[in-house]
Amino acid sequence: MDTRITRVETFMVPPRWLFVRIETAGGIVGWGEATCEGRSETVRTAVEQLAEVLLGADALRIEDHWQVMTKGSFYRGGPILSSAVSGLDQALWDIAGKHFNTPVHQLLGGHVRDRIRVYGWVGGDEPDQVADSIAAQLEVGLTAVKMNASGRMSRLGTVAELDGVVRRVAAAREVLGEHRDVAVDFHGRFTLANARKVAPLLEPFRPFFLEEPVVPENSHLLREFTSSTTIPVATGERLYNRQEFLPALQAGIAVAQPDLSHAGGITEVRKIASLAEVYDVQLAPHCPLGPLALAACLQVGFATPNFLIQEQSIGIHYNKGAEVLDYVLDKEPLKFVDGHFERLLGPGLGIEVDEKAVRAADKRGHAWRGPVWRHADGSFAEW
């Protein structure tokens with residue numbers, strides 16, 4: 001079958017996703033997700049530029065294409081280019097799986113597990129709201145959740161702000177009991193001083209991990225945080241390659257969280273996972289995105305020994321205008337089974353895209369933007 005690439009398309013679909021479609025001369029279609037939240041229009045242009053080096057080439061030369069796309073220009077890296085590469089890389093792996101009639105994880109060396117534990121995000125500004133949100137996730141069978149530590153946070157938190165974090169996590173632990181897990185996401189909203197003040201207060205509630213205690217550009221401060229707490233530390237959703245992960249791994253994190261739609265796709269995240277294994281670090285990909293990003297994460301997970309858990313956004317509050325499963329024809333492969341996803345058995349990424357729904361959604365499009373937060377004094381606040 002002729003595997004030369006003849007067409008590359010992009011689709012901006014609600015609520016905030018960018019899908020990539022690659023077609024070969026032999027008629028195989030591969031899908032990927034190049035979403036970069038709030039910047040997907042810019043990524044779309046990057047995909048169109050990168051398509052210039054793919055058209056007419058053999059889709060099965062995935063590693064070679066990744067090398068050219070990431071290193072073929074003098075200016076490299078960053079979230080825009082890396083997200084564009086990620087979506088195209090996922091689509092190429094999808095084509096390869098379909099060409100060989102096997103799931104991607106088989107091409108990555110075969111499965112090392114039959115199911116993957118998942119967690120969902122929960123909201124709530126007050127302890128009772130957190131408890132209600134967690135109860136709803138338990139109803140659908142999840143055994144782990146993640147919550148934000150706070151909203152806007154002063155640079156040096158007040159007693160009330162820090163006590164608010166503790167009360168919400170305490171409420172979560174009370175609902176979850178001893179046999180379920182809660183991860184706490186600092187979301188880069190904390191200064192190092194704030195993070196170090198609040199971590200000891202959370203230790204009695206034994207969080208699964210503390211996520212992104214400092215912003216990624218301050219990764220040089222991670223060692224000071226990891227050495228100040230017994231709680232496992234996670235980070236990585238805004239790190240885009242092995243080189244950016246290396247200092248975090250050396251700083252003593254316990255969980256690496258590359259995003260399959262930001263960190264170079266399946267090709268690079270597999271390499272990040274191997275590097276993490278050298279540091280006894282587990283992989284838990286970031287994925288509050290759509291079905292293609294989720295399927296790509298799972299394919300990596302089924303073939304990765306040091307894989308911990310998978311984030312997913314089915315039913316999450318900011319999926320306005322469409323849900324994760326709205327763009328797939330068969331929802332069964334992404335059904336929760338006792339808080340897990342069962343191994344995907346279909347070829348390629350293992351899900352079948354509803355192309356008619358995607359094309360219709362692209363006509364509506366989206367212009368999703370993240371919030372801009374400010375402190376009471378008018379200065380910018382991390383979100």
Charged N-O contact under 4.0 Å between R238 and E212: yes

Less than 4.0 Å between a side-chain N and a carboxylate O, is that true for R152 and E161? no

Using a cut-off of 6.0 Å, state whether more than 12 heavy atoms not belonging to E174 lie near its atom CD. no

Answer yes or no: is there a side-chain heavy-atom contact under 4.5 Å between T143 and L176? no

Are E352 and K331 ion-paired here, with the side-chain N under 4.0 Å from a carboxylate O? no

If you count heavy atoms of other groups shown closer than 6.0 angstrom to CZ of R359, is the number above 12? yes

In plain terms, say whether E23 and R4 are close enough for a salt bridge, that is, a side-chain N and a carboxylate O under 4.0 Å apart. no

Donor-acceptor contact present, side-chain S228 to main-chain F225, <3.5 Å: yes

Cation-pi geometry met for K71 and W66 (6.0 Å, 45°): no

Looking only at side-chain N and O atoms, does W121 offer a donor or acceptor that is under 3.5 Å from a partner on S133? no

Quick one: do the T10 and R44 side chains pair a donor with an acceptor below 3.5 Å? yes

Give a yes or no answer on whether the side chain of Q129 reaches the backbone of E126 with a donor-acceptor pair at less than 3.5 Å. yes

R61, CZ atom: more than 12 neighbouring heavy atoms under 6.0 Å: no

So does L108 get a backbone contact from the side chain of R270, meaning a donor-acceptor N/O pair under 3.5 Å? yes

Taking V104 as the starting point, is it possible to reach F19 by hopping between hydrophobic residues whose side chains are less than 4.5 Å apart? yes

Side chain to side chain contact (heavy atoms under 4.5 Å, CB included), that's the test. Do T191 and M153 meet it? Break it down for me. CA-CA 9 Å; T191 61; M153 173 62 69; over 6 Å; no

Any I272 side-chain heavy atom under 4.5 Å of N241 side chain: no

R117/D181 salt bridge by N-O under 4.0 Å criterion: yes

Apply side chain to side chain donor-acceptor pair (under 3.5 Å) to T267 and W93, showing your working. CA-CA 9 Å; T267 297; W93 279 103; 3.0 Å; yes

If you look at every heavy atom in L50 and A84, which pair is closest and at what distance? CD1-CB, 3.8 Å

Is D259 close to C287 at the side-chain level, that is, under 4.5 Å between some pair of heavy atoms? no

Is the number of heavy atoms from other residues, nucleotides or ligands under 6.0 Å of Q243 CD greater than 12? yes

With a 4.5 Å limit on heavy-atom distance, are the side chains of R76 and T70 in contact? no

Taking the side chain as C-beta and beyond, is there a heavy-atom pair between E211 and V184 under 4.5 Å? no

Do other residues, nucleotides or ligands put more than 12 heavy atoms under 6.0 Å from R39 CZ? no

Does the side chain of L344 reach to within under 4.5 Å of the side chain of L349, using non-hydrogen atoms? no

Are the charged groups of E9 and R7 less than 4.0 angstrom apart, N to O? yes

Derivation of the side chain to side chain contact (heavy atoms under 4.5 Å, CB included) call for I314 and F336: CA-CA 10 Å; I314 295 172; F336 300 138; 4.0 Å; yes

Do V328 and D354 make a side-chain contact, defined as non-hydrogen atoms from C-beta onward lying under 4.5 Å apart? no

Polar side chain donor-acceptor pair, S83 to H262, under 3.5 angstrom: yes

Between E33 and T35 (side chain of the first, backbone of the second, donor and acceptor by atom type, cut-off under 3.5 Å), is there such a pair? no

Shortest non-hydrogen contact from D94 to P347? OD1-O, 4.3 Å

Could you tell me if the side chain of Q250 sits less than 4.5 Å from the side chain of Y279, heavy atoms only? yes

Applying side chain to side chain contact (heavy atoms under 4.5 Å, CB included) to V182 and F208, what does each step give before you reach the verdict? CA-CA 6 Å; V182 58; F208 197 38; over 6 Å; no

Check for me whether the distance between the ring centres of Y327 and W31 falls short of 6.0 Å. no

